[in-house]
2 protein chains.
Amino acid sequence: MPGIKDVAARAGVSVATVSRALNRHPSVSEDARSRVLAAVEELGYRPNAVARSLRTDQTRTLGLVISDVLNPYFTELARAVEEEARSLGYSVIIGNADERPDLQDHHIRTLRDRRIDGLLVSPTDGGTPLLLDTARAGTPVVFVDRWIPGADDVDVPVVRSDGRDAVRELVAHLHRLGHRRLAIIAGPAATTTGSERVEAFREALAAHGLELPDAYIGQGDFQAESGRRATERFLDLSEPPEAVFAADNLMALGALDAVRSRGLRVPHDIALAAFDDIPWFVHTDPPVTAIAQPTGELGRAAVRALVDRIEGRAARSVTLPARLVVRRSCGEGREGGGTPPENGPRPGNGTEPQKRSNP
Amino acid sequence: MPGIKDVAARAGVSVATVSRALNRHPSVSEDARSRVLAAVEELGYRPNAVARSLRTDQTRTLGLVISDVLNPYFTELARAVEEEARSLGYSVIIGNADERPDLQDHHIRTLRDRRIDGLLVSPTDGGTPLLLDTARAGTPVVFVDRWIPGADDVDVPVVRSDGRDAVRELVAHLHRLGHRRLAIIAGPAATTTGSERVEAFREALAAHGLELPDAYIGQGDFQAESGRRATERFLDLSEPPEAVFAADNLMALGALDAVRSRGLRVPHDIALAAFDDIPWFVHTDPPVTAIAQPTGELGRAAVRALVDRIEGRAARSVTLPARLVVRRSCGEGREGGGTPPENGPRPGNGTEPQKRSNP
DNA sequence: CCTCCTTGTGGAAACGTTTACACGGTTGAT
DNA sequence: ATCAACCGTGTAAACGTTTCCACAAGGAGG
């Protein structure tokens, strides 16, 4: 593979001139520039990013550590992140933490070793000091989706969506359909999304004069299997809930499994709703009512915030609203008013062509 | 961030000794080693991977270019790849080509600039010379899932799964259920998986004395939208097919959409099957019959082949069998014999707890 | 004509590692 | 006692860039 020296020799100039020509440095003659460009073309020269990074102390690479690649929510996030980063001239290295703190640390460490310019993290459960230490050590860090509470002494912007209103809407929806005993399958308490969603749910219930007994809080870990277990426990109760709200899509999947393997049916025997909307929810049996985050926008905003920081500009936290998408998994009843405006009119409810960002 | 010099100073040795101590070079005294280790610990020193790569001319990084991150099949593949790579001491940089040749080239170029040690590609449509040039230039390359035919002059192992038998089984299944007019939604002709699956389907039909008329071959691009369009065209035919086989899961999703938006029902009005099984197929309405690839094993085998090549060992192509998973989307009829042995007995067919690799 | 600035260029240092080579000291064989 | 072999260590070169500095040539202003 040819180096800059080869180009210089071929163009009859020094390596310094080649470098300048390639980096659009102003003071290089038209003549030299064109000879260099020609030589580059002929040799098929490509600058060695490793050497360049060593010298300039920047890799133009972002690290993205997410909690679970298999979760469609994160995969959509990752896609948006990569897209936005690319448009800003950065590459992205993805690390999959699989909801495991040790894996998360592994990736953070590897990414730091690689001298990435900035880190985008959706932190898992588990109090690992490494992440915050990284931020303290000066690496630009931005949290996306979830965040770590102890990050007060170092300023790490958080890009996330606020589901409070949507949860309120959901509870109103359930209430209107006659459901009174509402349960939730929570995420790990240590994750912000885990605890926040429970709180929002509890508050929304309170607004209707309902309580959230401990027995109606299932402990999950954002994985399908935990959703199944929690649901089974609910169903074993002497007074099982009439509706279950899963704090993420995978746990909703598990819940669906559990309900079905008992020979019960959604929403006839029990209602189901989920946080995080995904394309597949349109096609499940029944289509499931979900709270949709503006995932793509979240990813893009996060990248912009991170790059702002990297390039020395100020970056602020961003919170975008989530919205409720009503389908059929909570019952169809006499949903009178146009509460959810986005799909009131259409008759074939729940089967709207799902927009995918890639036509 | 401390460098090797700082460690050397602190430990009272030369940088060479530090380097040797850290790389388990045999000839370094116990005394020196422990002092170095102590200094490393105290300073929180981590070797700069960039500098190391420049010197050693290896990055211990693999590139993975896949055609669509949003496709659960590829995301599962990516996950397996990362896992296996990590266990072998490599990192993975993922590039999402989104089925676009230009994006694929972009990623290949970027990855080469980064001097990755090897490249894992599931090539998109489109005759880009860059990929094969990369292989010719000496970068170890392994194809996974799909491959490029023109790769004869340079030896690039192919790790994929063979769906021929499974397609035969599927056609037999459809035939037994009484379907005679069978259609397929193909992938891009330029991708091997695109054309191969059509061929396998055609052959299987022939074995039953059936033909595959051109009108029953829909041209798709592995994206949901194309599956919808193809299906609509099928349904507009004066004699629409009785069964549709989608060459990937996303197009099956689109087909499901199309059928439903016409007010028709699967499998009552039309049967549906897909290549690539994914967890969600258990929960769609109806659960869809699919051909399952050993995705994880594919990813792992591909990494092993690539690393073998990187480390100078020989690497051979691998072909693993796919298998049919019968659910309800083709009709339940009088499926008498135990053709698909793996789910004959269970009564609540199609709702088997889906195994996910992460409990 | 001298000075001063501008413009284009090249030499060489620097980035943080690994590693070839050299060297001094100890050991073991002769 | 001499020599070879070996062990642990340090010095310095190298990897492929970017960039600081110096410098030559040329033009403008005095």
Side-chain angles (χ1 to χ4, degrees), chain A residues 1-37 39-40 43-61 89 110 112-117 137-139, chain B residues 1-37 39-40 43-61 89 109-117 137-139:
Chain A
M1 208 163 269
I4 199 173
K5 285 207 201 75
D6 305 295
V7 177
R10 179 127 191 167
V13 296
S14 72
V15 292
T17 301
V18 174
S19 175
R20 281 187 285 250
L22 261 29
N23 295 303
R24 344 191 159 290
H25 190 286
S27 78
V28 39
S29 69
E30 197 46 54
D31 176 53
R33 184 190 314 280
S34 64
R35 285 218 310 283
V36 167
L37 260 29
V40 164
L43 295 172
Y45 167 77
R46 299 242 75 207
N48 182 329
V50 175
R52 189 207 298 264
S53 293
L54 178 60
R55 179 59 233 250
T56 62
D57 200 37
Q58 53 154 300
T59 52
R60 294 203 75 84
T61 301
T110 312
R112 285 186 66 174
D113 289 355
R114 289 229 143 78
R115 298 306 195 261
I116 45 142
D117 292 340
T139 306
Chain B
M1 210 165 268
I4 199 174
K5 283 206 200 77
D6 305 295
V7 176
R10 178 126 192 169
V13 296
S14 72
V15 293
T17 302
V18 175
S19 175
R20 281 187 284 249
L22 260 28
N23 295 304
R24 351 190 156 288
H25 189 287
S27 77
V28 40
S29 69
E30 198 44 55
D31 176 54
R33 183 190 315 279
S34 64
R35 285 217 311 282
V36 166
L37 261 29
V40 164
L43 295 172
Y45 167 77
R46 299 244 75 207
N48 182 328
V50 175
R52 188 206 298 264
S53 292
L54 178 60
R55 178 59 231 253
T56 62
D57 199 38
Q58 54 154 299
T59 52
R60 295 204 74 84
T61 302
R109 201 141 28 216
T110 311
L111 291 168
R112 285 186 66 174
D113 288 355
R114 288 228 142 79
R115 300 305 195 262
I116 45 141
D117 293 341
T139 305

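As the structure is a prediction and not an experimental result, all values here were calculated from the model. All chains are named by letter (A, B, ...) in the order of the sequence lines, taking the proteins before the strands, and each is independently numbered beginning at 1. Both backbone and side-chain heavy atoms feed into the values below; hydrogens, waters and symmetry mates do not.
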Is there a side-chain contact between B:V50 and A:D113 in this structure, where contact means two heavy atoms from C-beta onward sitting under 4.5 Å apart? no
Test item: B:R115 side-chain N/O and B:R112 main-chain N/O as donor-acceptor pair under 3.5 Å: yes
What residues 20-29 of chain A contributes to the DNA chain C interface at heavy-atom separation below 4.0 Å is A:R20, A:S27, A:V28, A:S29
So, A:R20 side chain and A:S27 main chain: donor-acceptor pair closer than 3.5 Å or not? no
Could you state the CG-P distance from A:D31 to C:dT7, rounded to the nearest angstrom? 18 Å
More than 12 heavy atoms of other residues, nucleotides or ligands under 6.0 Å from CG of A:D57: is that the case? no
Within the 4.0 Å heavy-atom criterion, would you say B:A49 contacts the bases, only the backbone, or no part of the nucleic acid? nothing
Minimum heavy-atom separation for B:A8 and B:V18, please, with both atom names. CA-CG2, 3.6 Å
Calculate the interatomic distance between A:L54 atom CG and C:dA13 atom P; express it in whole Å. 17 Å
Span of DNA chain D engaged by chain B, first through last nucleotide within the 4.0 Å heavy-atom cut-off, is D:dG8 to D:dG16
A:V36 and A:A21: which non-hydrogen atoms are nearest, and at how many Å? CG1-CB, 3.9 Å
Donor-acceptor contact below 3.5 Å, side chain B:N23 vs main chain B:H25: no
Looking at every strand, decide which applies to B:T56 at a 4.0 Å heavy-atom threshold: base, sugar-phosphate, or nothing. sugar-phosphate
Ionic contact status for A:D31 with A:R35, cut-off 4.0 Å: yes
More 5' along DNA chain C: A:S14 or B:A51, using each one's nearest nucleotide? A:S14
Indicate, with a heavy-atom threshold strictly under 4.0 Å, whether B:V50 touches base, sugar-phosphate, or nothing. nothing
